[in-house]
Amino acid sequence: MVIRELLWLFGEVGYLGDGLPGRLEGGYWKGIALMIRFSNNVSLLRTSEIRDLMSLATRPDMISFAGGMPGNELFPTEEVDEIYNSLPLDLKRTAFQYGPTPGFPPLLGVLKEFLRAKGLPVDTNELLITTGSLQAINILAKVFIDPGDVVVTENPCFIGAISAFQSFQGHLHGIDIDADGVLLDPLKAFLAQSREKAPKFFYSTPNFHNPAGILYSEERKNGLIEVLKEHQLPLIEDDAYGDLYFDEGAARTARPMKATYDQELPICYTGSFSKILGPGFRLGWMLAPREVYEKCELIKQSDDACSPTFTQVLAYEFVRSGRIHPYVAKMRGIYKRRKDTMVAAIHRYFPEEIKWVEPRGGFYMWCACPPELDLMAVLRASIEKGAVFVIGKTFDPKGTDNSHFRLAYSHTPEDKLERGIQIIGEALKDALRK
């Protein structure tokens with residue numbers, strides 16, 4: 001009876017022969033017209049092609065360059081086993097419980113020292129543990145964006161950030177990048193014409209960019225900060241890959257902008273354990289000015305109350321014990337070898353019309369194609385032969401780029417990298433001949 005009464009709330013109700021509501025067919029219950037009204041926020045979302053391709057990536061015969069994630073064989077499972085087994089009983093019980101919204105206090109303490117070593121201003125800003133750095137980006141989007149507000153990003157841009165900003169009805173304007181970072185002249189021109197309705201912030205991934213793999217030069221970072229200061233535009237600095245540099249020169253250049261320019265500009269800095277420990281921990285962080293942090297903490301309270309205490313306890317012990325430093329150093333070596341293997345295979349198998357910038361860290365290579373190339377045909381042919389990648393429009397704020405594609409080398413063992421690149425190279429050559 002209760003079900004029947006509730007169903008009347010959705011409109012005219014029909015019943016089947018047994019007096020029970022019918023089954024769903026084509027968006028309607030058979031016999032019940034549902035009056036579902038979705039929000040405008042939901043209507044603006046688009047599916048991530050990376051997520052759609054992940055089902056293909058799980059095929060045992062598929063060589064995947066699609067997902068930007070570590071290989072399963074690389075995770076520190078033995079170290080985490082040791083950590084958990086050595087925990088005292090009261091701490092194990094704490095790990096199963098709710099925790100404070102800002103984060104597990106011992107983890108906040110060791111994370112502050114981890115970030116301080118990068119030069120980040122942990123004493124004059126506030127630190128918030130988030131459920132992955134994507135939650136930090138979502139929270140910041142909710143803090144800053146009203147429907148119709150303009151948000152400036154790089155083009156290409158991390159798909160998670162695109163989705164987050166669009167979910168709050170932000171209008172995205174992407175500024176092209178080159179090997180050194182965002183192009184300043186187009187950025188200046190756009191901001192000059194947007195003075196009447198100024199954008200809310202600029203979003204950037206300056207260190208080993210996702211998807212482009214680039215590392216901002218010092219000169220470009222200096223220029224960017226000057227432009228943002230002139231227009232009083234806050235910066236969201238996404239630094240999920242900054243610890244995964246391949247040489248010491250890249251390590252120095254990858255110094256966070258917040259570490260250098262914190263006194264000149266409001267900068268909200270986000271980072272993650274996903275790329276340096278494991279995505280399944282679902283732990284990230286945000287370092288932000290107090291006035292921003294206070295709003296963010298309130299939003300997190302309503303989003304999920306707290307990030308997982310269980311994985312926070314494990315991450316705390318992993319950092320506190322010093323295990324994180326040799327582990328990340330080991331991962332740098334593995335990712336560099338995989339990158340080198342991919343670069344050698346690209347030289348061997350890709351047509352000369354395909355251009356790219358060799359990454360100095362991170363997970364990705366970004367390949368540029370002639371505009372007349374049918375990339376979807378290349379992708380289909382590659383999948384048929386057993387290799388998958390992601391086309392550029394996934395990372396375009398307007399969703400139209402058909403002249404780039406992303407290759408992720410982080411997940412694929414070296415013995416499969418060459419064969420996968422050969423498959424893609426043959427598909428590219430076939431498409432260019434047509």
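Residue numbers start at 1 and run along the sequence shown. Note that this is a predicted model, so its numbers are computed, not measured.
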**Prompt:** Going by the angle between their ring planes, with limits at 30° and 60°, are Phe165 and Tyr203 parallel, tilted or perpendicular?
**Reply:**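 Because their plane-to-plane angle is over 60°, the rings of Phe165 and Tyr203 count as perpendicular.
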Answer whether the closest heavy-atom distance between the side chains of [X] and [Y] falls below 4.5 Å.
X	Y	answer
Asn210	Phe395	yes
Pro156	Pro211	yes
Leu432	Leu373	yes
Ile225	Lys229	yes

**Request:** Decide side-chain contact (heavy atoms from CB on, under 4.5 Å) for Leu379 and Val388; before the verdict, give the C-alpha distance in whole Å, the side-chain angles of both, and the deciding distance to 0.1 Å.
**Result:** CA-CA 7 Å; Leu379 178 59; Val388 61; 4.3 Å; yes
Salt bridge (Lys or Arg N to Asp or Glu O under 4.0 Å) contacts touching [range] (sequence neighbours left out):
range	answer
residues 250-260	Lys258-Asp262
residues 308-320	Glu317-Arg320
residues 82-93	Glu82-Arg323

**Message:** Taking side chain to side chain donor-acceptor pair (under 3.5 Å) as the criterion, tell me which of Thr311, Asp304, Asp303 meets it with Thr131.
**Reply:** Asp304
**Prompt:** Has the side chain of Arg220 got a donor or acceptor atom that lies under 3.5 Å from a matching backbone atom of Gly181?
**Reply:**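 Flag set: sc Arg220 to bb Gly181 pair under 3.5 Å.
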**ring pair (Phe, Tyr, Trp, His ring centres under 6.0 Å) between Tyr364 and His209, worked out** = CA-CA 8 Å; Tyr364 309 109; His209 188 278; 8.9 Å; no
**Request:** Go through the steps for Leu228 and Tyr261 under the test side-chain contact (heavy atoms from CB on, under 4.5 Å), then give the verdict.
**Result:** CA-CA 11 Å; Leu228 298 182; Tyr261 306 105; over 6 Å; no
How about [X] and [Y]: are their ring centroids closer than 6.0 Å?
X	Y	value
Phe310	Phe96	yes
Tyr241	Phe363	yes
Tyr245	Tyr335	no

**Asked** Between atom CZ of Arg337 and atom CG of Asp340, what is the distance when rounded to the nearest 0.5 Å?
**Response** 9.5 Å
**Request:** Would you sort out whether Phe273 and Phe318 count as a side-chain contact (heavy atoms from CB on, under 4.5 Å), showing the intermediate values?
**Result:** CA-CA 11 Å; Phe273 282 112; Phe318 200 83; over 6 Å; no
**Prompt:** If you draw a 6.0 Å radius around NZ in Lys295, do more than 12 non-hydrogen atoms from other residues or ligands fall strictly inside?
**Reply:**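 12 or below, so no.
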Without placing hydrogens or testing angles, list every side-chain donor-acceptor pair under 3.5 Å for residues 137-151, not counting sequence neighbours.
from: Asn138; atom 1: ND2; to: Leu134; atom 2: O; distance (Å): 3.0
from: Asp149; atom 1: OD2; to: Asp146; atom 2: N; distance (Å): 2.7
from: Asp149; atom 1: OD2; to: Lys200; atom 2: NZ; distance (Å): 2.6

**Request:** Check step by step if side-chain contact (heavy atoms from CB on, under 4.5 Å) holds for Lys336 and Arg360.
**Result:** CA-CA 8 Å; Lys336 184 179 185 302; Arg360 299 176 65 191; over 6 Å; no
Listing, residues 349-358 side-chain donor-acceptor contacts under 3.5 Å, not counting sequence neighbours, or none:
from: Tyr349; atom 1: OH; to: Glu418; atom 2: OE2; distance (Å): 2.9
from: Lys355; atom 1: NZ; to: Glu352; atom 2: O; distance (Å): 3.0
from: Glu358; atom 1: OE2; to: Lys339; atom 2: NZ; distance (Å): 2.8

Which pairs would a plain distance check flag for residues 281-294, meaning a side-chain donor or acceptor within less than 3.5 Å of a matching protein atom at least two apart in sequence or in another chain?
from: Arg282; atom 1: NH1; to: Ser274; atom 2: OG; distance (Å): 3.4
from: Arg282; atom 1: NH1; to: Pro279; atom 2: O; distance (Å): 3.1
from: Arg290; atom 1: NH2; to: Glu126; atom 2: OE2; distance (Å): 2.5
from: Tyr293; atom 1: OH; to: Glu297; atom 2: OE1; distance (Å): 3.3

